[in-house]
Amino acid sequence: MSAIKITLPDGSVRDYVAGTNSMDIAMSISEGLARNVLAAKVNGDVWDLTRPIQKDSTIQLLTWQDKEAQSTFWHSSAHLMAEALEAIYPGIKFGIGPPIENGFYYDVDPGDQTIALGDLPKIEQKMLELARNKSEYIRTEVSKADAISFFQKKNDEYKLDLLEGLEDGQITFYQQGDFIDLCRGPHIPNTEKIKAVKLTNVAGAYWRGDESKKMLTRIYGITFPKQKELDDYLALVEEAKKRDHRKLGQELELFMFSDRVGAGLPMWLPKGTALRTRLEDFLKKEQIKRGYMPVITPHIGKKDLYVTSGHYAKYGADSFQPILTPRENEVFYLKPMNCPHHCEIYGHKPRSYKDLPIRIAEFGTVYRYEQSGELHGLTRVRCFTQDDAHLFCTKEQIKDEFLSTLDLTRYVLEKLGFDNYTAQISLRDPNDLEKYIGSEENWQAAEAAIIDAAAEAGLKTVTAYGEAAFYGPKLDFMVKDALGRSWQLGTIQVDYNLPERFELEYIGADNQPHRPVMIHRAPFGSMERFIGVLIEHCAGKFPLWLAPEQYAILPISEKYHDYARELERKLAEHDIRGYIDERAEKIGKKIRDTELNKVPFMIIVGEKEVEDNTLSVRRQGQGDLGTVSLQDFVQIIQKEIN
RNA sequence: GCCAGUGUAGCUCAGUUGGCCAGAGCAGCUGAUUUGUAAUCAGCUGGUCGGGGGUUCGAAUCCCUCCACUGGCUCCA
């Protein structure tokens, strides 16, 4: 038997006999590692631990700490669930059962039977029972003909449908216990690794996502190698529920929806408006510093505007229906974006190269028809306000404009406590270049400008091919919140299309007309979505500078109301805002209510404070901070804000 | 839009073999209490049981339909 060389991640090279597998390698390193290893990356591909390695290879042993191992684990768990389902529901047919970000699902067709939420516990029990059998996941290569005949016998039309798209010679089955599935793999070594199981949901899902096809039952679940890890996960889910912006939005009276106004149309209550206005003012100020010119445009525009922009052809049928004038029968649309209006503003007078870049900014409210089933709190609505701006510049200026926009966006995110983000650079699909408009030269220049700018800014980036808009490449900020969930917020997009369609020009140094490039950018994305994410990120405990109310004065009794009013007046002079709780309640009650309303500072005043001309300060979530003078309190506040 | 589920007071929720004027806690109002770091006491007000239609002697409860919400699917300038 010939020898092969295995290179490990630390660079060390070991000799093994050909046909060894990753499990043997793990065992030869340490028993502990062998116990914890779930899969292995062999020359860049994730493999079963039991799969023989025949040639010199670089391998990395994957444990629960590795994302790829988790995916493998969950994929194997989907098979385990399928095994359990087949035991409980004879004749059940299977679609696909992949791992997802948190767990896995399997799409199944239970025939005449139904699977409801209440059935999940018994499936979980069956899974745990089967897991204890320690069944190995066994990989076998099968011919297409054999695979087809196997699933024909099983009468599983979904697997047969999948097989149609597969090539003979590349088809593998995996078996654990009595369950055999068409599967590319890889899988964990055996079912015993799966110690904790939670099936979370059932939902309908069309076969292959096609609504003309049959609706299958999708069962979601998640599994872990240890019960403790499942408990931690469930605790995290509970925490996420507590932070849900829809719940907090109602409790803190930030925004509301009304059936009469309509679905997906949020209304900002006074406290939410205070918060939002502060955010807008913050960004407006930064933009003015950076040479932006604020404008205001109408909420509707004539059909012709959108015919010119090209949006009518692409989205007209799926928009809110047009608005007609009663006599002239002119046709207007609610604006679904601000760029066409801004293009008109750019074009209203001749522009010189000396004027560029021109940065037109507007907190523009837009209206988009979203399907009713899509609406969700503030993160998916039919009316929202973009912190929009369009930068008109020369090709040469793209990179600098990009850099300064990156800088602004990062400043904004970090100021709001979002420290964990990556930038997704979305480029063309190299296999389908026809679907993009604009010249090859322009695309290459723009893509290079984005890549360079991101690198120069030192951003953590991922590149997504095929994710570019049809009119230009873009960069999206993917932000992780306090619970580790990813959100797409700010975006920067290069656009060659609209300047062309609106025939925008500037006069160059050569006294000839040239076409400017347009950059769309929105650091927040939309105010609604951003604030929704912000609420969940900080669990409703906003940074002091944003808090709708920064303090509440809680007088011990009515006797101290005058003193409280004097404090309120003096704090207002320092631009510190709050209110007095003048109810005839005991101090404990007032504190409790204020704590629940997440007001950052409580100021308690009674006889002592009036006599000494001081105030007792209590911090939300932290308790009593002691007694200070008014000046000291103002300083505490101002220090925290700056 | 599609599938499944949910909709009872401002909020959180009880209330099914269909049957007296539909309940609780919190909030609100009134009164008493004038209070020292997470709920003072008492009384009172408040509901087209999501809207409309139907079945029935009788509907929060059963059926149809529309609306909204929740979880998915599809879509997202």
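Naming convention: chains lettered A, B, ... in sequence-line order (proteins, then strands); numbering from 1 in each chain.
- At whole-Å resolution of the value, CG in Asp318(A) and P in C75(B) are 12 Å apart.
- With distances taken from any side-chain atom of Ala203(A) to the nucleotides A77(B), G71(B), U40(B), the minimum falls on G71(B).
- Along RNA chain B, the nucleotide nearest Glu595(A) and the nucleotide nearest Lys474(A) are compared for position; the residue whose nucleotide lies closer to the 5' end is Glu595(A).
- The pairing partner recorded for G47(B) is none, the criterion being a Watson-Crick or G-U wobble arrangement whose two distances lie under 3.5 angstrom.
- When each of A77(B), U12(B), A38(B) is scored by its nearest atom to the side-chain atoms of Arg592(A), the top-ranked nucleotide is A38(B).
- Taking atom CD of residue Gln321(A) and atom C1' of nucleotide G1(B), one finds them 15 Å apart after rounding to whole Å.
- In this structure, Phe320(A) places its CZ atom where more than 12 heavy-atom neighbours from other residues, nucleotides or ligands lie under 6.0 Å away.
- Pair assignment for U30(B) gives A42(B), based on Watson-Crick or G-U wobble hydrogen-bonding distances that are each under 3.5 Å.
- With P as the reference atom, G23(B) and U70(B) are 31 Å apart, rounded to whole Å.
- With a 6.0 Å radius and a threshold of 12 heavy atoms from other residues, nucleotides or ligands, Tyr436(A) has its OH atom above the threshold.
- The residue Leu375(A) sits close only to the backbone: its heavy atoms come under 4.0 Å of sugar-phosphate atoms, none of a base.
- Base pairing of G1(B) is made with C73(B), judged by Watson-Crick or G-U wobble geometry with both donor-acceptor distances under 3.5 Å.
- For His376(A), a side-chain nitrogen or oxygen approaches OP1 or OP2 of G71(B) to under 4.0 Å.
- Electrostatic pairing of Glu536(A) and Arg485(A) counts as a salt bridge here, judged by a charged N lying under 4.0 Å from a carboxylate O.
- If you check A77(B), G72(B), U12(B) against the side chain of Ser319(A), the one that comes closest is A77(B).
- Taking the P atoms as reference points, A59(B) lies 14 Å from G52(B), given to the whole Å.
- Under the Watson-Crick or G-U wobble criterion, with both distances below 3.5 Å, G7(B) is paired with C67(B).
- For Arg368(A) against C76(B), no side-chain N or O and base N or O form a donor-acceptor pair under 3.5 Å.
- Judged by distance alone, with hydrogens and angles left aside, the side-chain atoms of Arg529(A) form no donor-acceptor pair with the main-chain N or O of Trp487(A) at under 3.5 Å.
- For the P atom pair drawn from C49(B) and A9(B), the interatomic distance equals 10 Å after rounding to whole Å.
- The listed nucleotides are C3(B), A27(B), U37(B); the one nearest the side chain of Arg618(A) is U37(B).
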Determine, for nucleotides 31-36 of chain B in 5'-to-3' order, which nucleotides have protein heavy atoms under 4.0 Å from the base (write B), from only the sugar-phosphate (write S), or from neither (write -).
--BBBB
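- Atom P of G19(B) sits at a distance of 25 Å from the matching atom of G10(B), rounded to the whole Å.
- Note: CD (Gln493(A)) to C1' (C76(B)) measures 12 Å, nearest angstrom.
- Atom CZ in Phe320(A) sits about 14 Å away from atom C1' in C76(B), given to the nearest Å.
- Comparing Tyr471(A) and Val202(A) by the nucleotide of RNA chain B that holds the closest heavy atom to each, the one mapping nearer the 5' end is Val202(A).
- A distance of about 34 Å separates the C1' atoms of G72(B) and U55(B), rounded to the whole Å.
- Stacking of Lys314(A) on the aromatic ring of Phe470(A) is recorded, both the 6.0 Å distance cut-off and the 45° axial limit being met.
- In this structure, Gln622(A) places its CD atom where more than 12 heavy-atom neighbours from other residues, nucleotides or ligands lie under 6.0 Å away.
- Nucleotide G10(B) holds its P atom 20 Å from the CG atom of Leu252(A), rounded to whole Å.
- If you take atom C1' in U48(B) and the same atom in G53(B), they sit 15 Å apart, rounded to whole Å.
- When the shell of 6.0 Å around NZ of Lys271(A) is examined, it contains more than 12 heavy atoms from other residues, nucleotides or ligands.
- Across all strands shown, Arg246(A) has heavy atoms under 4.0 Å from sugar-phosphate atoms exclusively, and none from any base.
- Remark: Gln250(A) is in phosphate contact with U12(B), judged by side-chain N or O atoms under 4.0 Å from OP1 or OP2.
- For Tyr306(A) and Tyr312(A), the distance between ring centers is not under 6.0 angstrom.
- Here A77(B) presents its P atom at 15 Å from CG of Asn338(A), a figure rounded to the nearest Å.
- By the 6.0 Å contact criterion, CD on Glu503(A) is open, its count of non-hydrogen atoms from other residues, nucleotides or ligands being 12 or less.
- Rounded to whole angstrom, the span from the CZ atom of Arg619(A) across to the P atom of A38(B) amounts to 17 Å.
- By the criterion of a centre-to-centre distance under 5.5 Å and near-parallel planes under 30°, the ring of Tyr315(A) forms a stack with the base of A77(B).
- Here U55(B) sits opposite no nucleotide as a Watson-Crick or G-U wobble pair (both hydrogen-bonding atom distances under 3.5 Å).
- Among the heavy atoms of the strands lying under 4.0 Å from Tyr220(A) are primed sugar atoms or P, OP1, OP2 only; no base atom is included.
- With both ends at atom C1', the span from G28(B) to G47(B) equals 15 Å, rounded to whole Å.
- Comparing G72(B), C26(B), G1(B) by their closest approach to the side chain of Lys589(A) singles out C26(B).
- Other residues, nucleotides and ligands contribute only 12 or fewer heavy atoms inside 6.0 Å of the CD1 atom of Ile296(A).
- Two rings, from Tyr367(A) and His299(A), have their centers less than 6.0 Å apart.
- Following rounding to the nearest Å, Glu467(A) (CD) and A77(B) (P) show an atom-to-atom distance of 10 Å.
- To the nearest whole angstrom, the two C1' atoms, one in A22(B) and one in G15(B), are 8 Å apart.
- Proximity of Tyr333(A) to the phosphate of A77(B): no side-chain N or O atom is located under 4.0 Å from OP1 or OP2.
- Judged by the 6.0 Å and 45° rule, Arg619(A) forms a cation-pi pair with Phe601(A).
- Applying the Watson-Crick and G-U wobble criteria (two distances, each under 3.5 Å), A60(B) pairs with nothing in any strand.
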Under 3.5 Å, which N/O atoms of the protein pair with N/O atoms of nucleotides 43-53 of chain B?
none

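- Nucleotide A24(B): paired with U12(B) (Watson-Crick or G-U wobble, both distances less than 3.5 Å).
- In this model, no donor atom of one side chain and acceptor atom of the other lie less than 3.5 Å apart for Tyr579(A) and Glu568(A).
- Between G71(B), C26(B), A77(B), one nucleotide has an atom nearer to the side chain of Asn201(A) than all others, and that is G71(B).
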